[in-house]
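Beneath this line is the structure, given in structure tokens, with notes to follow.
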Amino acid sequence: MRAVLLAGSSHPALAQELAAELQLPLGSCIVEHFPDGELDIRLLENVRHAEVFVLQSLHSPVGEHLLELALISDACQRQGAHSVTAIIPYLGYARHDRRVSGREPLGARVVAELIAAGRVDRVVCLDLHSRAVEGCFPKPVEHADAVPLRIEHLRPTLTLPAVVVSPDLGAVKRAESFARPLGLPVAVVHKQRLSGAEVKAMGVVGEVAGRNVVMVDDMISTGGTLVAAAQTVL
């Protein structure tokens with residue numbers, strides 16, 4: 001069956017690189033705006049009976065990129081595509097996978113249902129903040145793990161003695177997945193979140209003195225967590 005690769009406007013450079021790697025031409029899809037700000041999506045590619053893959057990262061502005069993905073998928077389905085797979089390198093609201101006070105929305109579930117409502121048949125995500133997010137989707141989810149490739153990229157430049165540091169408790173499992181193949185110990189920074197943009201490091205558990213530090217986290221919003229962790233281990 002014929003495969004067609006399309007891309008939204010969130011990361012055109014990545015789309016070109018992916019197309020080159022797959023030796024697959026990037027399908028023509030125009031994403032513009034009407035004067036009132038509404039999206040104007042037009043497919044110039046014939047996708048009838050094709051397996052369509054749409055690359056769209058859901059970083060800021062998340063809502064705009066999410067709606068764009070849904071409109072592209074809907075256009076493909078209405079043209080008679082056999083299936084539509086959304087390739088989402090970064091899934092917005094992925095860390096909103098649980099409620100703390102019971103008074104906030106379950107953002108990951110809302111985004112997952114909006115993607116499904118856009119008539120996407122399958123989703124491919126890269127390094128989800130939590131694997132539990134897969135359970136939010138009513139459609140099949142494939143989870144791509146980039147950790148092995150990152151380890152091989154890191155290995156030639158690693159100078160011993162070294163330690164893998166998790167900047168908070170939530171990243172411990174990811175830090176362990178880095179440390180285990182490299183034969184390195186793990187240290188953990190305990191932090192207190194003061195606001196959405198401000199954190200305070202409370203201390204570090206593990207031996208970091210005299211070691212080269214490899215700090216592992218899955219996302220950066222303001223960099224506050226990594227900065228606080230780096231200052232703590234120095």
Are [Y] and [X] connected into the same hydrophobic cluster when the rule is that any two of I, L, V, M, F, W, Y join if their side-chain heavy atoms are below 4.5 Å apart?
X: Leu14; Y: Ile88; value: no
X: Leu154; Y: Leu184; value: yes
X: Val205; Y: Val163; value: no
X: Leu43; Y: Val120; value: yes
X: Phe137; Y: Phe53; value: no

Output yes when a side-chain donor or acceptor of [X] lies under 3.5 Å from a complementary backbone atom of [Y], and no otherwise.
X: Ser73; Y: Gly118; result: yes
X: Ser10; Y: His65; result: no
X: Glu32; Y: Asp40; result: no
X: His143; Y: Leu128; result: yes
X: Glu142; Y: Pro140; result: no
X: Arg2; Y: Arg48; result: yes
X: Asp127; Y: Ala146; result: yes
X: Gln79; Y: Val47; result: yes

If I take atom [atom1] from residue [X] and atom [atom2] from residue [Y], how far apart are they, to the nearest 0.5 angstrom?
X: Ile30; Y: Ile72; atom1: CD1; atom2: CD1; value: 11.5 Å
X: Asp145; Y: Ser177; atom1: CG; atom2: OG; value: 7.0 Å
X: Asp121; Y: Glu51; atom1: CG; atom2: CD; value: 10.0 Å
X: Leu91; Y: Gln56; atom1: CG; atom2: CD; value: 12.0 Å
X: Leu6; Y: Glu45; atom1: CG; atom2: CD; value: 6.5 Å
X: Asp168; Y: Leu226; atom1: CG; atom2: CG; value: 9.0 Å

Report yes if some heavy atom in the side chain of [X] is under 4.5 Å from a heavy atom in the side chain of [Y]; otherwise report no.
X: Thr85; Y: Val54; value: no
X: Tyr93; Y: Val110; value: no
X: Pro181; Y: Val147; value: no
X: Leu5; Y: Leu18; value: yes
X: Leu66; Y: Ile115; value: yes
X: His96; Y: Leu106; value: no
X: His82; Y: Met1; value: yes
X: Val233; Y: Val189; value: yes

query: Is it true that the side chains of His33 and Glu64 contain a donor and an acceptor less than 3.5 Å apart?
result: yes

Please find the pair of heavy atoms, one from [X] and one from [Y], that lie closest to each other, and give the distance.
X: Pro167; Y: Asp217; result: CG-OD2, 3.5 Å
X: Leu24; Y: Ala3; result: CD1-O, 3.9 Å
X: Pro185; Y: Ala162; result: CD-O, 3.6 Å
X: Gln77; Y: Val84; result: NE2-CG2, 3.8 Å
X: Val52; Y: Cys76; result: CG1-SG, 3.8 Å
X: Pro138; Y: Ala112; result: CD-O, 4.1 Å

task: Could you walk me through whether Glu152 and Arg155 pass the salt bridge (Lys or Arg N to Asp or Glu O under 4.0 Å) test, one step at a time?
output: CA-CA 5 Å; Glu152 293 311 309; Arg155 195 187 297 273; 3.1 Å; yes

task: Apply the test salt bridge (Lys or Arg N to Asp or Glu O under 4.0 Å) to residues Arg109 and Glu113: give CA-CA distance (whole Å), side-chain angles for both, the deciding distance (0.1 Å), then the verdict.
output: CA-CA 6 Å; Arg109 178 62 180 267; Glu113 291 182 343; 2.8 Å; yes

For atom [atom1] of [X], is the number of surrounding heavy atoms from other residues, nucleotides or ligands below 6.0 Å larger than 12?
X: Tyr90; atom1: OH; answer: yes
X: Glu21; atom1: CD; answer: no
X: His153; atom1: NE2; answer: no

message: Would Asn212 and Leu160 count as a side chain to side chain contact (heavy atoms under 4.5 Å, CB included) here? Give the steps.
response: CA-CA 7 Å; Asn212 292 308; Leu160 300 177; over 6 Å; no

